Every structure is written in structure tokens, then in C-alpha cells.
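Here is how names work: the chains are called A, B, and so on, in the same order as the sequence lines, proteins then strands, and each is numbered from 1. Not measured: the values here are computed from a predicted model.
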Protein chains: 2
Amino acid sequence: MTNTKTISTENQRPAVTVDVLVFTVMDDQLMVALIKRGIAPYKGSWAIPGGFVHLDESLEEAARREIEEEAGVTDVFLEQLYTFGNPKRDPRMRVVTVAYYALVPGNRITLAAATDAAEASWFPVSKLPPLAFDHQDIMQCAIERLKSKLEYSNIAYSLLPPRFRLSDLQKVYEVILGTPLDKRNFRKKILSLNLVEATGKMDTGGAHRPAQLYRFKKRKMIVFS
Amino acid sequence: MTNTKTISTENQRPAVTVDVLVFTVMDDQLMVALIKRGIAPYKGSWAIPGGFVHLDESLEEAARREIEEEAGVTDVFLEQLYTFGNPKRDPRMRVVTVAYYALVPGNRITLAAATDAAEASWFPVSKLPPLAFDHQDIMQCAIERLKSKLEYSNIAYSLLPPRFRLSDLQKVYEVILGTPLDKRNFRKKILSLNLVEATGKMDTGGAHRPAQLYRFKKRKMIVFS
DNA sequence: TGAATAGTGTCTTTCAGACAATATGCC
DNA sequence: GGCATATTGTCTGAAAGACACTATTCA
């Protein structure tokens, strides 16, 4: 039996990377940040941004570094998704990638193209281009996680600005779950969960009745019992 | 920006291991398989069994190999849990470990001590010894996952023999969740889920009324809506 | 006053949880 | 007959889901 924690003398080890799926809700759509690969393999294909884990940083630190380089934001919601390690997933060498997903508030985050990337861009998850490597699998895994976590946690807070209308919150749920929701039932449910509170300020300026602005009581993840 | 999938010329890479938490229900307790470390660091401490990922095998294959070496069983329920990569988690070198958990039917699985392990043994999760490395964190993560997955999937099938009494199934739930359950409500719930069916055979031999033996209709994981 | 969105309540159905008595086989 | 476990149903409260009208602001 190969045993736990023997010091490895093998000189061949897998490379370890992190890939980060950055999601946001913009223009009533769930969007994800992708980069266009500037080098082979899959040159010209779109891919999930990622990079090597440095020897002195944790996996989460590596993921946060990627997000900051890509989107210029810190302090975003970030959660480990799954680790992909099929021996053939990268044709060049053995790469084990730890996938993370991040959620950023909608609008006004400009993506930066990475060193080896020709371009970086937001895509609606409903209209994704073909993706490099096994990134289609990773994407699907992330979308499933996001959908289910939305239903039993308060992670929606990380997709909204500090103050928002209940209709904004409802839109986040509708766009991610892909179904319209009944306004009365939605509000009843959200308010009974006691996660948000009215700020007293109104959203004025639309050609219609102003809406109460709400905020999340806690801006960290809470999983419902 | 360090970019996706540039060929690494770094000669220093983390080691990649898999650790596998093998659970079973025995003697009305949730048990986990541990090994006693035969080498430093943590020599003499109990640890979660694991080992290096070979370059030509997937992460899951590595995990299944470990289970077969440790417990001599194949074809068990196995699911990836989480990846632990803190730079300091192993004092010797950088080790990224992909943790898996496995579920095996109760009783009569004999553990084999690994090459570098002095011993292998089952422990009730309620009375664990101090664990090596960050294995306490990994253990807690696994137990939480097991508890929650038990409630919204049919994974209990993997902890029971092909035929079982409903009271056996109830015991599995009680032991893992750590609470007694009402017999009538439990049976009502399980039967309404339509996951099990009566085999027509009875469990005879006890000094009491024989019980109907049931089986799971599907022996693969189903996640409830 | 018309357009656009905000805000609100009832009824029905379903599910979870509390709760106790009878049935059957073995000794 | 006594012991040990199997088997079964009702009631209540909570939550989910269907469903439509009035309120308010601005142009």
C-alpha cells in the first residue's frame, strides 16, 4: 500500500492550478467571466481563467489572486467548487485544477485580459461559446452548485449592491434558477427568512412608484437549517 | 497576471495526495477507518489513510486504489469531499490533498495496515483519538457532508446490505444524525420517497415478530429534488 | 391620465411532527 | 403467556403555491 505522507521522491508530480469562475448578474442575465486563450493548445478558444498555485500560498489565496488580476476586485464571495484531475484533461501534462467560483455584484466590473490571454469578456451562461479543456464540465458543475446554494443559503447578498429593491433580489433568483417567481410568494418567503431589512431609503427616479431599499443583515454566508 | 495553462517551468510543485475517509455503521455507531502512523511526523498518531496520486490515474482512481488497499473492497460509494492545500499543513513539504469519503456496508470489513502504518482500526466518530496534520478539519468536513447528504439523497443504501429491515435503515439515520427518530414518521417518510421496496422475504430468527426485508430500488446516488 | 413598477392577503394543499395501541413470532 | 420487536393512522401546525387588485410616482 502506498501510504499516507511518505516523503515523495518521485520527481514527477502533477501541476496544481486554480480555475476561478466569476459570476455576476447583469442585464437580467447570469454572466460569467471568460478569457480568450492566446496560446496553444486551444489557442483562440474561450476558457475559465486560472493559474498555477504558488508554493507559499493557500489554494484560496491563489484563487483570490486570480480574481484580483482578472477583475480587479477583492473581498468577493469565493467558494471551492470541486477538483478536476483527469490525467488527460490537459494534453501537455498532468494538471490537477482546484476550481473555485466567485460572485460579484452586478455591473461596472471591467475585466482585464491576462498576460497570455488575448481578451477577457463576460458571457451570459445561456449563450456560452465552446470552452477549452474540460471547462464545459467545470462550468456545468459551477452552475449547478450556484443554483442549489441559492436555494438554501443567503449567497444572493454577494450578487447585489449594499442597497437593493426586493424586485432586484427577485430578479437574481429568477435569472439564476431560470424560472419566473410569484412576486407575493417571493416577498413573503424572503421576509420570513429574516435575512433582509428595509433601510428606510427609497429608490426614486423611475417613472413609477418608488421602491423601498433593503439591505442584507449579514454579509457573510448563512446556510439555512 | 499568471495565466491559465501556461506550461510550468517551475521545478517546485506541490505534492498531490488523496485522503480517504471510509465510514461504516457498526454496533449502532458511525465508525471511520484510521491508520496509526509508523513514521514521523506524527509517528504513533492516528491519521486518515491516503497516498500519492500516480501520474497516470485520476483522482478518483487513486482514492479507489487506497480503499482497496486499506479495506479490500471495491465498488463502494465514493465522493469527493474537499481539497485541502494550506501551505503549512504538512511540515515536510507542500502537500495538496484531495479528500474523498467512502461508505461501506456495516460489519465484517477487516482493515489492513499499510506499509508505513503500524496499525489500522475502526473508531467511532464520537470517540476519535487526536489526529495527525489537519485531519481533524478534514474529518469534521466529512461528517458534516455525510449528515447533510443523508437528508437529501439516498446514500444510506451504501451503508446497508442488499436486504435490510426498515429498523436497520432507521438506525443508520439515527446514528449519523445523532438523534432518535419517531418510528411511524420515519417509515411514512421513507416509504413516500419510494426508494425502497419490500422483498417479500422476512427476517426470521429473532425472539420476536419477524420483520419484512426491504431493498433499495436503485443502488446509485439519487439527490432529492 | 396613462405607463410602469411597488406593494399587499386569502385560500388550498402538502409536509413535518407529536403521539399509542395492536400484531406476531419465539421461547 | 411473556418478551421483544413490527406494524399501523390521526391530528395539528407550518410552509408552499396559486391567484388579482390597489398604490404611487413620473412623464
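Between the side chain of A:Lys188 and the base of C:dG7, no donor-acceptor pair of N or O atoms lies under 3.5 Å.
When rounded to the nearest whole Å, the span between CG of B:Leu193 and P of C:dA16 equals 8 Å. Rounding to whole angstrom units, CZ of residue B:Phe186 and P of D:dT7 are separated by 13 Å. Rounded to a whole Å, the CG atom of A:Leu166 is 10 Å from the C1' atom of C:dA6. Residue A:Tyr152 contributes atom OH, which lies 20 Å from atom C1' of D:dA15 at whole-angstrom precision. Taking atom NZ of A:Lys171 as the reference point, atom C1' of C:dA4 lies 14 Å away to the nearest angstrom. The interatomic distance linking A:Glu151 (CD) with D:dA15 (P) rounds to 17 Å, in whole Å. We find that CD of A:Glu174 is positioned 13 Å from P of C:dT5, with the value rounded to whole Å. As a whole-Å value, the separation of A:Leu181 CG from C:dG7 P is 17 Å.
Listed pair A:Lys183 / C:dG7 fails the phosphate criterion, with no side-chain N or O lying under 4.0 Å from OP1 or OP2. Between C:dC26 and B:Arg209, no contact under 4.0 Å exists linking OP1 or OP2 to a side-chain N or O. Listed pair B:Thr204 / C:dG25 fails the phosphate criterion, with no side-chain N or O lying under 4.0 Å from OP1 or OP2. Phosphate contact (OP1/OP2 of D:dT7, side-chain N/O of B:Arg184, threshold under 4.0 Å): absent. Distances shorter than 4.0 Å separate some side-chain N or O of A:Ser167 from OP1 or OP2 on C:dA6.
Both B:Gly205 and A:Gln212 lie near DNA chain C, and the one whose nearest nucleotide falls closer to the 5' end is A:Gln212. Heavy-atom nearest nucleotides on DNA chain C were determined for A:Asp182 and for B:Gly206, and the one closer to the 5' end corresponds to A:Asp182. Nearer to the 5' terminus of DNA chain D, by closest-nucleotide assignment, is the contact made by B:Met202 (compared with the other of A:Asn185 and B:Met202).
Using a 4.0 Å heavy-atom criterion, one finds that A:Ser192 contacts no nucleic acid atom at all. The residue B:Lys189 sits close only to the backbone: its heavy atoms come under 4.0 Å of sugar-phosphate atoms, none of a base.
B:Tyr157 and B:Phe77 have perpendicular rings, their planes meeting at more than 60° on a 0 to 90° scale where under 30° would count as parallel. A tilted orientation is assigned to the rings of A:Phe133 and A:Tyr42, their planes being inclined by 30° to 60°.
The number of heavy atoms from other shown groups lying within 6.0 Å of NZ (B:Lys201) does not exceed 12.
Here D:dT8 is the nucleotide among C:dA6, D:dG9, D:dT8 with the atom lying nearest to any side-chain atom of B:Arg187.
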- Message: Between B:Arg64 and B:Glu60, does the salt bridge (charged side-chain N to carboxylate O under 4.0 Å, His left out) criterion hold? Intermediate values first, please.
- Response: CA-CA 6 Å; B:Arg64 290 197 183 276; B:Glu60 181 172 327; 3.1 Å; yes
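The aromatic ring centroids of A:Tyr173 and A:Phe186 lie less than 6.0 Å from each other.
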